[in-house]
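Right, one structure below, let's go through it.
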Amino acid sequence: MPLDTRPLAIFLMGPTASGKTALACELSERFPLDLVSVDSALVYRGMDIGTAKPDPATLARYPHALVDIRDPSQPYSAADFRADAVPVMERISAQGGVPLLVGGTGLYFRALQQGLSDLPEADPATRARLAAEAQRLGWPAMHARLVNLDPTAAARIDCNDVQRLQRALEVIELTGRPLSELQRGAAAHFPWRVLKLALLPADRRVLHERIARRLDAMLAEGFLDEVRALRARGDLHADLPAIRAVGYRQAWEYLDGQTDAATFRDRAVFATRQLAKRQITWLRSDAGTRIFDPDRAGLGERVGAAVTLFVAGSAGLVPSA
């Protein structure tokens, strides 16, 4: 068998609140790894508390590429991420390091490794009409429509995942073809050999408790003040991808007077749990991923051993003492 000489890359994936950032920082202490964020919310400046963005001290010690690269008024897509991530990875590899891509946005990981089909640009008129229909009929009814038009896409898009559901229906209207059919035509050259690692809690109740505690800590830290500051800008609105991020959408509704404080908290916790559920489902379906329970003792040692085996034989790439 010929020697695989492709440069190395590591994917560290997992649901929200599973401890990915802390583990990535720990691994970067032991190996020549450069961290690259794979998170659809961390790209936005001024959205720090509600995204659980690493604090400035952490980012200074453990720099993450692709954090704070967009204003919240600017939509950011999987295609944008791939266009940004590949040059960063090429630079890291050229300098003798290994890119460690850490995050929970599964679509970004898939787009990076598998490429994206040539999908149509977003059409504001079509989106506005779909949003108006959803306002009248409800998103579950829109999901039922997708089941009829593209059952493959509907099976992987939750009825509460408004952004992806709207996009799938938009693509069908603009092209006359199912999104899943267009995506099957995607192909891209990905010249890295990848180790896929996933943090998946064995007991989901522990993750749910952690999600609730983290939201309460965010609120104590000033999350609502952060959202108030975003609203005060005057150029942001609830339909932007940044504001539709989990937590921000519910906070925006609360500050609009649509809910009370208790309902806001309950909805934010529920939405975050639903996000985690979708992330876990996607990770369990991703072939070739090594799964680790983040709540078992010795996580760093167990994952570190997997990384050591992966990089063994690569010249100059050994863990530090």
Does the cation-pi check pass for Arg265 over Phe270, that is, NZ or CZ under 6.0 Å from the six-membered ring centre and within 45° of its axis? no

Below 4.0 angstrom, N of the basic side chain to O of the carboxylate: do Arg205 and Glu209 qualify? no

Got a salt bridge between Asp68 and Arg45, using NZ or NE/NH1/NH2 to carboxylate O under 4.0 Å? no

Verify, without hydrogens or angle tests, whether His143 (side chain) and Asp161 (backbone) share a donor-acceptor contact under 3.5 angstrom. no

Please confirm whether the backbone N or O of Ser40 pairs with a side-chain atom of Thr105, one donor and one acceptor, at under 3.5 Å? yes

N-O pairing of Asp286 and Arg110 below 4.0 Å: no

Rounded to the nearest 0.5 Å, the CZ atom of Arg6 sits from the CZ atom of Arg193 at a distance of 7.0 Å

With no hydrogens and no angle check, just 3.5 Å: does a side-chain donor-acceptor pair link Tyr62 and Glu29? yes

Could you tell me whether Arg156 sits above the aromatic face of Trp282, with NZ or CZ closer than 6.0 angstrom to the six-membered ring centre and within 45 degrees of the axis? no

Go through the side-chain N and O atoms of Asp84 and Tyr76 and say whether any donor and acceptor fall under 3.5 Å apart. yes

Check this for me, if you would: do Asp239 and Arg127 make a salt bridge, where the nitrogen-to-carboxylate-oxygen distance has to be below 4.0 angstrom? no

Consider only side-chain N and O atoms of Arg214 and Thr16, and report whether a donor and an acceptor are under 3.5 Å apart. yes

Assign the ring pair Phe81 / Tyr108 to parallel, tilted or perpendicular, where the plane angle (0 to 90°) is split at 30° and 60°. parallel

Decide whether Ile243 and Leu165 are clustered together by the hydrophobic rule: side chain heavy atoms of Ile, Leu, Val, Met, Phe, Trp, Tyr closer than 4.5 Å, transitively. no

Would you call Asp295 and Arg210 a salt bridge, using N to O less than 4.0 angstrom? yes

